[in-house]
Amino acid sequence: MDRYNPKKIEAKWQKRWAKEQLFFAKDESSKPKKYILIEFPYPSGDGLHMGHMRSYVAGDAISRYWRMRGYEVMYPIGWDAFGLPAENYAIKHGVQPKVSTAKNIKHMHQQMDALGLSFDWSREVNTTDPEYYKWTQWLFLQFYKAGLAYEATGLINWCPKDKTGLANEEVIDGKCERCGTVVEKKELRQWYLKITAYAEKLIEGLKDLDWPEPVKIQQINWIGKKEGINIDYQIADRPEKVTCFTTRPDTNFGATFIVIGPEHPLLARQSVLQIEDKHWQQIENYKQKVAQTGELERTMENRQKSGVFTGLYCVNNLNDYHMPLYVADYVLGNVGTGAVIGVPGHDKRDFEFAKVFDLPVIRVVQKDKNDNDPITEPDQVQEDEGIMVNSDFLDGMDIHTATKEISNHLVKKGWAQKTISYKLRDWVFSRQRYWGEPIPLVHCEKCALQDPSGRGTVAVPDEDLPVKLPEVDKYEPTGTGESPLAAVEKWVNTKCPQCDGPAKRETDTMPQWAGSSWYWLRYSDPHNKKVFADKEKLAKWQPVDLYFGGMEHTTLHLLYSRFWNQFLYDQGLVTQPEPYLRRQPHGIILGEDGEKMSKSRGNVVSPDALIEKHGADAARMYQMFLGPHEAMISWNDRGIVGVSRFLEKIWRWANGPTQGTDSPTVTKALNKLIKKVGEDIEGIQFNTAVAAMMDFYNQVKNESVSPTLIKKFLQVLYPFAPHIAEELNEVLGGKTSLQLETWPEFDPAQIIDQQIKLVVQINGKTRAVVEVVADLGEAEAKTLALASAVVQKHLAGQSIRQVIYRPDRLINLVV
RNA sequence: GCCUGAGUGGCGGAAUUGGCUUUACGCGCACGACUCAAAAUCGUGUGGUCUCACGACCAUGUGGGUUCGACUCCCACCUCAGGCACCA
């Protein structure tokens, strides 16, 4: 018997699997399909890390399992290769992103092979391949043609380090998602995708998906749907009105002022509201001061309230109260209508503002009858639950009834409209960087003259796609808000596809999320040159049955790609409204010190090192044994020897002398194992599946076994440690790959125990365990229980008042 | 502040339609076998306190509650992790 040598056998089987093309998913297969997806990686110079490995190994095990269960499994792989690191590398080293990306892909491909991952390489895609981004551009144009891609100038998030605009989702804690730099606000012309048009559908669509509840909730909270009412307030002596959004119209009799944000259109010029000079001067100054304040600072809580009076008053139609109109930066221009009603008695922020400007505070809600004290301190401000007072026809109602009553009243009078507001903002879709898909539009001055919008933006015709990214010498972002592409005159200057006159290309590129917003669709039909994917092939493979990935994409990729899919579904271009039926997030793997793995900390453990030291099978299996797939885990190097030892034991066991017969213990244990492991794989509970296999070995190691039984065990082991399973199967005389075998069936009769252990409790405390035959009646059970000496001792002559009996489980004697 | 999760041995973690004396499986540790010796391997043990021992009692973040019986259900609180946040 040779020693277990992972390196040797793993290389052998990896070669053989590739040669036999065992993992290619066949479009024409008549088997039912399973589409297992992992988030395709960014081809980084650092190669695969633990997070990749965790997902890929899990996806691999479950793919191998479903293939054995008779499914045509698609487990594809590709490269999300546009993005900043390649570009920054290019700036530093002068290497073309195309070149460094190709190198990284080659390296990571080797790493994946070394792990024995059963990807279908015939479907490999790369987002930076013109054959791929041709369709990214084409899909963008579908949004454009449907009016869901638009150009606008506005204050957007700007990363001063990466020198590009960012979407809301890319700002974490006021910082750039990529580099951690504090984000600034910058006025820029940008392309937007109208994701807000799908806010409702994005919430609705989640209902029937088999996703973890927290992930759904996080998306729903991000979309932030709120039902409320827009109330119009007439400005006294002016024709204009101020519209305020509120979810608490019930408190309207307590309104004592109105606040609008400094960005509000009514403050764009002095002339709009005919504001008096002395007030306008202050407003101008205030606006300037606010513009210089960072977004992060401005939205800090407990910040001293500030503001300026406009000299104008708004009229509350309910009671003719004239409310002074203020400008203050605690009201944000992009939230609601950019104007709020000041109800200092029942909103903490309004109260703080009222204190600064010495505005009256009126109580309109009381907790109970005795709750009459004037509100003078912030902690007396009551924001929920209570009974209405000082509110005319609302008096005596609870706040919920009052909300309904007054809403109906205001709407009927024509003073307000019910409305729904969302926190979700439209998706800033242009970036001022080089390494991305060019936005396939052309700006034509001549056509602009004919265009009612005055823009003259013309879509590049389908037959001229892709608009290829030109090769340049300088990748540096300009920092002016213009993409480096703007400097490539030969590329920028083009002919207008509409009028044939001189025109300029759009020089912004798409964000890194563009290519990943549809890649799972392309896998269905990756080589199609006529359409982004053939509809029949989409129908064959979509939707994704199981999607592995990280929690960090909940409000990024997962939201964006659902939006694209829903839009394409509405356009009749895809066959499923939702792309991913089941989502399985993985926990972050921390370094051994409990900190996030990072090069600077020096706590990185690479898959390469594990494979080198213990072999791919042990590395895979340990990854699965570590803990629940979704749990955050601190890496621990020591434990892997346990898995290595287990594999070595299996090696010796299967290579050892085997007699012809299986003992009843062995047969039973195997049947139970088949059931348990199958259930655990389907439930993605690999850690307990591995434990069950170890337990199985402990039970059977000294028993007599047949080669047939060992072979069945190897089939169970195969999804986890495929190389050693294949090798041992061959040792036992197997001629074909285990991948072609079917998953063993268990015999239900073998699972049921004839003899069971009945727990005997006295007053709920377990005192004894007696062996009895299954399906025993209560009387017999009681007799058997009482026969136990231990039980007799604990009863010590006390009389039994009650007997609780759960067949095959326990009997509890209450004395 | 709000929304999610999670707190079980020295460590990673098992067990929740409430019930097989909490801690499966693995690591670590201790002792033993093999060996001249070591490694590897195999075997035994391993929550705490008290006890020579049989055994008793206490233990699933803390405090209550429901129940014949609670890691599991309910209430309050503490700690940690993730998300959101002057959101009207």
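Lettering follows sequence order; numbering is per chain, from 1. Keep in mind it's a predicted model, so treat the numbers as computed, not measured.
A:Asn698 has a side-chain polar atom (N or O) that falls below the 4.0 Å cut-off from OP1 or OP2 of B:G26. Taking side-chain N and O atoms only, A:Lys423 has no distance below 4.0 Å to OP1 or OP2 of B:C84. Contact check, A:Arg645 against B:A40: no side-chain N or O comes under 4.0 Å of OP1 or OP2. Phosphate proximity of B:C87 to A:Arg349: present, with a side-chain N or O under 4.0 Å from OP1 or OP2. For the pair A:Asn763 and B:G69, the criterion of a side-chain N or O lying under 4.0 Å from OP1 or OP2 is not met.
Checked against a 6.0 Å centroid threshold, the rings of A:Phe353 and A:Phe257 count as neighbours.
Judged by the 6.0 Å distance and 45° axis criteria, A:Lys701 is not positioned over the aromatic ring of A:Trp653. For the pair A:Lys305 and A:Tyr330, the distance from NZ or CZ to the six-membered ring centre is under 6.0 Å and the angle to the ring normal is within 45 degrees.
Comparing B:C3, B:G12, B:C87 by their nearest atom to the side chain of A:Leu626 picks out B:G12. Side-chain proximity of A:Met694 to the nucleotides B:A88, B:C84, B:G26 is greatest for B:G26. When distances are taken from the side chain of A:Val814 to each of B:U21, B:C42, B:C68, the shortest belongs to B:C68. Taking every side-chain heavy atom of A:Asn221 into account, B:C3 is the closest of B:C3, B:G19, B:C27. For A:Ala691, the side-chain atoms get nearest to B:C25 when compared with the rest of B:G19, B:C87, B:C25. Listed nucleotides: B:A24, B:C87, B:C84. Nearest to the side chain of A:Leu332: B:C87. Closest to the side chain of A:Phe625, out of B:C25, B:U21, B:C68, is B:C25. Of the listed nucleotides (B:C27, B:C84, B:G19), B:C27 has the atom at the smallest distance from the side chain of A:Val641. Distance from the side chain of A:Ile633 is smallest for B:G13 among the nucleotides B:G13, B:A24, B:C68. Checking B:U21, B:C42, B:G13 against every side-chain atom of A:Pro628, the shortest atom distance belongs to B:G13.
Pair check for B:C29 finds B:G45; Watson-Crick or G-U wobble, both atom distances under 3.5 Å. A 3.5 Å limit on both hydrogen-bonding distances identifies no Watson-Crick or G-U partner for B:A39. Pair assignment for B:U72: none, as no Watson-Crick or G-U wobble contacts are both less than 3.5 Å. For B:C34, there is no paired nucleotide, since no Watson-Crick or G-U wobble pair has both relevant distances below 3.5 Å. Summarising the base pairing, B:U67 is matched to no nucleotide, lacking a Watson-Crick or G-U wobble pair whose two defining distances lie under 3.5 Å. Nucleotide B:C84: paired with B:G1 (Watson-Crick or G-U wobble, both distances less than 3.5 Å). Nucleotide B:C54: unpaired (no Watson-Crick or G-U wobble partner with both distances less than 3.5 Å). Using Watson-Crick or G-U wobble geometry with both donor-acceptor distances under 3.5 Å, B:U79 finds its partner in B:A6.
Residue-level contact check: A:Leu813 touches neither bases nor backbone, having no heavy atom under 4.0 Å from any strand. The residue A:Asn687 sits close only to the backbone: its heavy atoms come under 4.0 Å of sugar-phosphate atoms, none of a base. Here A:Lys596 lies out of heavy-atom contact (under 4.0 Å) with every strand. Among the protein residues, A:Val803 comes within range of no part of the nucleic acid, since none of its heavy atoms lies under 4.0 Å from any strand. Among the atoms of the strands shown, base atoms are found under 4.0 Å from some heavy atom of A:Val335. When heavy atoms are screened at a 4.0 angstrom cut-off, A:Leu810 is found touching base atoms of the nucleic acid. In this structure, A:Arg806 reaches the bases: a heavy-atom distance under 4.0 Å links it to at least one base atom across the strands shown. Using a 4.0 Å heavy-atom distance criterion, A:Lys305 is classed as a base contact.
Distance check: A:Leu626 CG to A:Asn636 CG gives 7.5 Å after rounding to the nearest 0.5 Å. Interatomic distance, A:Ile752 CD1 to A:Lys668 NZ, rounded to the nearest 0.5 Å: 9.0 Å.
A:Glu170 and A:Trp513 are linked by a side-chain donor-acceptor pair at a separation below 3.5 angstrom, with hydrogens and angles left out of the test. Side-chain contact, A:Glu552 with A:His557: no donor N or O sits under 3.5 Å from an acceptor N or O. Donor-acceptor pairing under 3.5 Å is recorded for the side chains of A:Glu39 and A:His553.
A:Trp651 and A:Tyr4 have tilted rings, their planes meeting at an angle from 30° to 60° on a 0 to 90° scale.
Counting atom types as modelled, A:Gln218 pairs no side-chain N or O with a base atom of B:G82 as donor and acceptor under 3.5 Å.
Taking atom C1' in both B:G18 and B:C2, one finds a spacing of 32 Å when rounded to whole Å. Distance check on atom C1': B:A81 versus B:G55 gives 43 Å, rounded to whole Å. Spacing between B:G65 and B:A14 at atom C1', rounded to whole Å, works out to 28 Å. Comparing the C1' positions of B:G45 and B:G10 gives a spacing of 16 Å, expressed to the nearest Å. Remark: the separation of the P atoms in B:C75 and B:U66 is 15 Å, to the nearest Å. The C1' atoms of B:U16 and B:U8 are separated by 13 Å, rounded to the nearest whole Å. For the C1' atoms, the distance linking B:G28 with B:G13 amounts to 14 Å, nearest Å. One C1' atom belongs to B:G43, the other to B:U62, and the distance between them is 42 Å to the nearest Å.
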Polar atoms only, N or O, under 3.5 Å: list the protein pairs with nucleotides 43-47 of chain B and their distances.
unit_1 : atom_1 : unit_2   : atom_2 : d
B:G43  : OP1    : A:Lys701 : NZ     : 3.1

Please write out each protein N/O paired with an N/O of nucleotides 56-61 of chain B under 3.5 Å, distance rounded to 0.1 Å.
none

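Separating the CZ atom of A:Phe351 from the C1' atom of B:A88 is a distance of 18 Å, rounded to the nearest angstrom. The CZ-P distance, from A:Arg809 to B:A15, rounds to 15 Å in whole Å. In this entry the distance linking CD of A:Glu213 with C1' of B:G83 reads 15 Å, nearest Å. Put simply, CE on A:Met632 is 13 Å from C1' on B:G83, counting in whole angstrom units.
Under a cut-off of 6.0 angstrom, the local environment of NZ in A:Lys216 is crowded, with over 12 non-hydrogen atoms contributed by other residues, nucleotides or ligands. At most 12 non-hydrogen atoms from other residues, nucleotides or ligands lie less than 6.0 angstrom from CG of A:Asp173.
Nearest-nucleotide assignment on RNA chain B puts the 5′-proximal partner with A:Lys676, out of A:Val331 and A:Lys676. Ranked by how close their nearest RNA chain B nucleotide is to the 5' end, A:Arg425 and A:Val769 are led by A:Val769.
Under the salt bridge (charged side-chain N to carboxylate O under 4.0 Å, His left out) criterion, A:Lys765 pairs with no residue, sequence neighbours left out.
Looking at A:Asn221, its side chain never comes within 3.5 Å of a backbone N or O of A:Gly224 through a donor-acceptor pair. Counting only distance, with no hydrogens or angles, the side chain of A:Gln292 and the backbone of A:Lys289 share no donor-acceptor pair below 3.5 Å.
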